[in-house]
2 protein chains.
Amino acid sequence: MATIREVARAAGVSTATVSRVFSNSPLVSADTAERVLKSAQQLDYWPNSAARSLSTHRTHTIGIMLPDLFGEFYSDLMRGLDREASLHEYQILLSSSHSGGSDVLAASRAMLGRIDGLIMLAPDEKSIDTVERVRRRVPVVLLNPRQPVEGCHSVEVANYDGARRVVEYLLELGHRDLAFVAGPEGNVDAEERRRGFRESLQVAGLDPDQALELPGDFREIAGVEASTVILARHPRPTVVFAANDAMAIGLQSALHRAGCRVPQDISVVGFDNVAMAGYLNPPLTTVNVDACGLGREAVRMMLDVLRASEESAQIRRVIPAALKIRESCSAVEALRAGHKSNSN
Amino acid sequence: MATIREVARAAGVSTATVSRVFSNSPLVSADTAERVLKSAQQLDYWPNSAARSLSTHRTHTIGIMLPDLFGEFYSDLMRGLDREASLHEYQILLSSSHSGGSDVLAASRAMLGRIDGLIMLAPDEKSIDTVERVRRRVPVVLLNPRQPVEGCHSVEVANYDGARRVVEYLLELGHRDLAFVAGPEGNVDAEERRRGFRESLQVAGLDPDQALELPGDFREIAGVEASTVILARHPRPTVVFAANDAMAIGLQSALHRAGCRVPQDISVVGFDNVAMAGYLNPPLTTVNVDACGLGREAVRMMLDVLRASEESAQIRRVIPAALKIRESCSAVEALRAGHKSNSN
DNA sequence: TTGTACGCGTTATCAC
DNA sequence: GTGATAACGCGTACAA
């Protein structure tokens, strides 16, 4: 409520001096500083950040733009972004839940003048020109971009690699008849994981089109639904690779209910390594995705850009995705033996 | 980059007119509007929000201040806040991961001038005077406050009620020897749930101090650790009430590993009803906490306050917490029978 | 070391 | 309908 002028008058100094005090400028004597601080406290004064940033062209705020995500990936990502930002005393202006397209443009325009840079997740094709427009005003860091954008740095999760590692592992275990539960269409992570799945089969001399591929949306229920198809299938696939852990969990639960044992009767793999994955029964073999690290890196990259005086070359950083082997997959021979004793 | 002045010059009008066009004022003729819009597009102009809010005293932004939370509660809460905010075209200025105390004061000061109102979670005692200070400048809505604060509305989860319902249900099932895995100290939700647990026992004529109470921190591993104590205990409690689902999950997993069946040998209850709770083995009986609804209500309340011309009476809204009965609890007689046949 | 005065980009109040 | 111009609250050359 009180402005810098009132404080200045109360302390018997100029507004410039008050401003200096609140910017920790060394160009002010100790006792004037004290006097100013005292008046400020009495008036319950604190600088208005909006006015400040209008004048300095600095907001100390990073804009974050996300699509509508659910579950642990979202919270881990946000935690990474948030922690690193507040560690450096930056604030976060968040705009998620947008559906892409003109939405994104409007939202980023509303951020204009209120952010120093923008971190953005998964622009679909339509969002790309929005990105390029935003990029003319503030630096942009892309998360898991579908394709590189001129002048934007990016941080990515090695979805494709992770999926390839899963399939290689399964092939080593002797599996040849794999099923895949896909993620939502249009989702980059989902598509990259699917691509990894298919190309690994191809490389191994198997026909990806022969593999059973079920639709999914990254939610538990999709795994449940997939289970009925899988159980009905003859011959039954020896392993199911779910494009994320949530679906793997739904799947495992449904298989268990149907009396189908994991991994004795069928193997299951997930993707993400959510906190609960290790506590399932059996503990889930999956791919570790460091969503928190993804966010952290994005913020670091942004801060580097903001600190840098000149524009640096486009940087692309990849967060590795390592296989996390637990107990939900068995070798196919063990599985066959299990089948026999089961159908006995 | 281009300012309102440049657009005005290019279009041959005054800045006032440009401003009117971008505020959708009816006081401007169709063809001047068109001319302005064309010039704006050519110059790639868009109003600077910081300058705008300096002048209007409106930011169209809600500040959100959270402690360092983990897991699904956080992501659900954020989703609720975010969705409702963007539904009304409000942005969110987020500052979480703070540890309380002077931190909170600094963070809220940094928001000053950039938010229309502040939604804040779980101020500890120390944060209270910060809240009261912020409250003089912008409206404040409290989430799960430890105690009401003069002039602040609040939205709360019925933690206490939920815990009481759990215990009442367990008593009905015949349980008399209950164990409790607590949440982190200083956490309001944790404390309210614990209070509900203890008072329910008291009301039923049981001594709360006789009940086994184990420490926890809301993470899966705490449930695992609790399991060893519980399994070693003689006589063994017939049911374990974990203060949240994550710990219940760790607990159930560890019990299973130890060869202890749920609910035949021991019953388990959680709190939160996370997405996975229904897919556990056995599906977890828990309390449904609508974190998303909590966030939604908080934003609605804030928007109401912002729309209202006068200050309304202090409103306190409670989000109910309903028991969600699944399969992880059995009647104590069944349990005894199970024990016998087990130790046979 | 301190003060004066202008600029940051916009809206709001008048007058025309 | 439209245009000057004074706020809005602060930072910062420049002068003193």
Side-chain angles (χ1 to χ4, degrees), chain A residues 1-40 43-61 109-116 136-138, chain B residues 1-37 39-40 43-61 91 109-116 136-138:
Chain A
M1 222 111 214
T3 76
I4 199 172
R5 262 179 283 273
E6 305 175 44
V7 177
R9 195 176 336 131
V13 298
S14 74
T15 61
T17 301
V18 178
S19 174
R20 288 190 191 104
V21 170
F22 277 88
S23 320
N24 296 316
S25 163
L27 301 165
V28 56
S29 77
D31 49 327
T32 32
E34 196 179 346
R35 215 167 61 239
V36 167
L37 248 20
K38 211 182 103 201
S39 304
L43 292 167
D44 198 16
Y45 166 79
W46 199 259
N48 179 311
S49 312
R52 183 175 254 183
S53 60
L54 188 59
S55 180
T56 59
H57 296 283
R58 274 285 179 161
T59 63
H60 249 69
T61 303
R109 277 177 165 166
M111 286 185 167
L112 236 118
R114 306 156 58 83
I115 57 174
D116 293 337
R136 284 182 226 157
R137 305 194 138 83
V138 293
Chain B
M1 222 121 216
T3 74
I4 199 172
R5 263 178 279 272
E6 304 175 45
V7 177
R9 196 175 335 132
V13 297
S14 73
T15 60
T17 301
V18 178
S19 174
R20 288 191 190 104
V21 170
F22 277 88
S23 323
N24 295 316
S25 163
L27 302 165
V28 56
S29 78
D31 48 328
T32 31
E34 196 179 346
R35 217 167 58 241
V36 167
L37 248 19
S39 303
L43 293 168
D44 197 16
Y45 166 80
W46 198 258
N48 179 310
S49 312
R52 185 174 253 184
S53 58
L54 187 60
S55 186
T56 58
H57 297 284
R58 274 285 180 165
T59 64
H60 249 69
T61 302
Q91 296 198 266
R109 276 177 167 166
M111 287 185 165
L112 235 118
R114 306 155 57 82
I115 57 174
D116 292 337
R136 285 181 224 157
R137 306 196 136 81
V138 293

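Throughout, a chain's letter reflects where its sequence line sits, starting with A, and its residues are numbered from 1. Computed from heavy atoms alone, side chains included, the values below leave out hydrogens, waters and symmetry copies.
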For chain A, the stretch of DNA chain D it reaches, first to last nucleotide, under 4.0 Å of its heavy atoms: D/dG9 to D/dA13
Sugar-phosphate, base or nothing in reach of B/Ser49, heavy atoms under 4.0 Å: nothing
Between C/dT10 (P) and B/Ile4 (CD1): distance, integer Å: 5 Å
Along DNA chain D (nearest heavy atom to each residue), the more 5'-positioned of B/His57 and B/Val28: B/Val28
Nucleotide of C/dT11, C/dG3, C/dT10 approaching B/Ser19 most closely (side-chain heavy atoms): C/dT11
Spacing of A/Leu27 atom CG relative to C/dT4 atom P, expressed in whole Å: 17 Å
Atom pair CD1/CZ of A/Ile115 and A/Arg137 - distance to nearest 0.5 Å: 11.0 Å
Phosphate OP1/OP2 of C/dT2 contacted by A/Ser29 side-chain N/O (<4.0 Å): yes
Sugar-phosphate only, base, or nothing, as touched by B/Thr32 at under 4.0 Å among non-hydrogen atoms: sugar-phosphate
Rounded distance in Å - CD (A/Glu34) to P (C/dT1): 16 Å
Interatomic spacing from CG in B/Leu112 to OG1 in B/Thr59 - rounded to 0.5 Å: 10.5 Å
Whichever of B/Arg20 and B/Asn48 has its nearest DNA chain C nucleotide further upstream toward 5': B/Asn48
Side-chain H-bond candidate by donor/acceptor type, B/Thr61 with A/Arg114, under 3.5 Å: yes
CD on A/Glu34 to OG on A/Ser29, rounded to 0.5 Å: 10.0 Å
Sugar-phosphate only, base, or nothing, as touched by A/Val18 at under 4.0 Å among non-hydrogen atoms: nothing
Interatomic distance, B/Ser53 atom OG to A/Asn48 atom CG [nearest 0.5 angstrom]: 8.0 Å
Point-to-point distance, once rounded to the nearest 0.5 Å, from CG of B/Leu43 to CD1 of B/Ile4: 12.5 Å
